[in-house]
**Q** 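Please read through the structure below; I'll follow up with questions.
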Protein chains: 2
Amino acid sequence: MSETRREELLAIAAGLFAERGYRNTTVRDIADAAGILSGSLYHHFDSKESMVDEILRSFQEELFGEYDAILASDDDARTKLERAVRVSFAAIHDHRSEVAIFQNEADQLGTLDRFGYLAERNAQSREVWMTLLREGVASGALRDDLDVELVYRFIRDTVWVAVRWYRPGGGLPHETVADQYLTILLDGIAHA
Amino acid sequence: MSETRREELLAIAAGLFAERGYRNTTVRDIADAAGILSGSLYHHFDSKESMVDEILRSFQEELFGEYDAILASDDDARTKLERAVRVSFAAIHDHRSEVAIFQNEADQLGTLDRFGYLAERNAQSREVWMTLLREGVASGALRDDLDVELVYRFIRDTVWVAVRWYRPGGGLPHETVADQYLTILLDGIAHA
DNA sequence: GTCTATAACTGGATAGAC
DNA sequence: GTCTATCCAGTTATAGAC
């Protein structure tokens, strides 16, 4: 049951970190939200840094497991790309706080030694998308006059930045957002 | 000349706020970078808050002046949309710090009374893009099966988030980025 | 316009009782 | 597992001398 309490506290911290920023959230804020005093938090965690560390680590582990499964599948190139996009929007739905924290704080935290894995995960993510895009071009599914590196950045940015406005239960299911996004990305918004 | 010194200090502050975040930058950091002591800053500015306020205000004034000029022009709908995109990427080029600060800190700062104008500017920006998109659909330049609100969000997000990776003088001119972006946005990445 | 000196406060973290 | 009590470092801001 102590494992549950721990996760409960992490979920509370994640929500606050996502909403008001890591630096802008005090350990007292977290304790208040949990209904305990700040000193009591240190029975569960070493430091505020450990909390955000644990939040980001477990999220990334899960996410990259999904990307790996897609890469390893024998779907055609276009299907793989579509699946990767859908999995990402689903992650925004299922793990909003974690995605937001990663988006907003990774740059700052990444300068600290203990968060070196953030840069590694970033490189890994680039590999995933670049592989998908190159396969797409090679198979003829995607245009061959594109700057693949730029397309990668646009996809990465547009997908994740949606965490800023997407709200679960807001009447716009994440599957719909993914569909519309894929329509724009693949076919453009200009009249044919 | 005191006006020059003021702007010099603001530019230094803007660079730091953009790079390490507003909350993460101390007045001592700013003073150090300017080669003076922290107390001396208060001869020029009321508070740290006033600095970021002035930085954001003057930037937004300039940017919206450009959007207004586009809206008021008699270009066709597609040209207006393209111009708005190009002006935005140019702003990232010319005012990287300001754009980054706005992107990263607006949500937090917006909760304070004195930064209420940030929400207003946000609404104004939405009007600009929605107008351009609706004109585009009405004129037949854009597809009519799109969720215009969603397209607006995607454009807004993708354009501004480029501030995270775009580097002036990095071999990739902002005009090229805008071109490639417009290609993707208008025509998609799928093979025709 | 900048410096010296310092006030006033906030925030992360600890030790030991319950 | 939580509380009481508290330390200490860091941060914004001020007052008055140079």
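Just so it is clear, the values below take in all heavy atoms, side chains as well, and ignore hydrogens, waters and symmetry mates. Note that the structure is predicted; figures quoted are calculated from it, not measured. Letters A, B, ... mirror the listed sequences (proteins, then strands); counts begin at 1.
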**Q** Holding to side-chain hydrogen bond (donor to acceptor under 3.5 Å, both in side chains), I want the full list of residues that pass it with E82(A), two or more places apart in sequence or in another chain.
**A** R78(A)
**Q** Can you measure Y42(A) atom OH to dT4(D) atom C1' for me and round it to whole angstrom units?
**A** 16 Å
**Q** Just how far, in rounded Å, is P of dT14(D) from CZ of F45(B)?
**A** 15 Å
**Q** Between E8(B) and R5(B), does at least one N-O distance fall below 4.0 Å, as a salt bridge requires?
**A** yes
**Q** In this structure, how many angstroms lie between the P atom of dG11(C) and the CG atom of L41(A), rounded?
**A** 15 Å
**Q** Find the distance K48(A):NZ to dG11(C):C1' and express it as a whole number of Å.
**A** 8 Å
**Q** Of T25(B) and S38(A), whose nearest nucleotide on DNA chain D comes first from the 5' end?
**A** S38(A)
**Q** Is it true that D179(B) and R86(B) make a salt bridge, defined as a side-chain N closer than 4.0 Å to a carboxylate O?
**A** yes
**Q** Using atom CZ of F17(A) as one end and atom P of dG11(C) as the other, report the distance to the nearest whole Å.
**A** 14 Å
**Q** From CG of N24(B) over to P of dT12(D), roughly how many Å is that when rounded to an integer?
**A** 10 Å
**Q** Identify whether the distance between the nearest side-chain nitrogen and carboxylate oxygen of R164(B) and D157(A) falls below 4.0 Å.
**A** no
**Q** For a quick test of reading the model: is some side-chain N or O of H43(B) closer than 4.0 Å to OP1 or OP2 of dG1(C)?
**A** yes
**Q** Nearest to the side chain of S40(A) - dC3(D), dG1(D), dA13(D)?
**A** dC3(D)
**Q** When the distance from CG of L37(B) to P of dG1(C) is rounded to whole Å, what number comes out?
**A** 16 Å
**Q** Who pairs with T26(B) by side-chain contact (heavy atoms from CB on, under 4.5 Å), at least two apart in sequence or on another chain?
**A** R28(B), D29(B)
**Q** Can a side chain N or O of R5(A) be found less than 4.0 Å away from OP1 or OP2 on dT2(D)?
**A** yes
**Q** Return yes if a side-chain donor-acceptor contact under 3.5 Å exists between D53(B) and Y117(B), otherwise no.
**A** yes
**Q** Calculate the interatomic distance between Y22(B) atom OH and dT11(D) atom C1'; express it in whole Å.
**A** 12 Å
**Q** Any cation-pi pair here, R121(A) with F64(A), using under 6.0 Å and within 45°?
**A** yes
**Q** Should R28(B) be listed as having a side-chain N or O under 4.0 Å from OP1 or OP2 of dA13(D)?
**A** no
**Q** Roughly what angle, to 10°, lies between the helix axis at the start of the helix from dG1(C)-dC18(D) to dC18(C)-dG1(D) and the one at its end, five pairs per end?
**A** 10°
**Q** Among dG12(C), dT12(D), dA13(D), which nucleotide sits nearest the side chain of V27(B)?
**A** dT12(D)
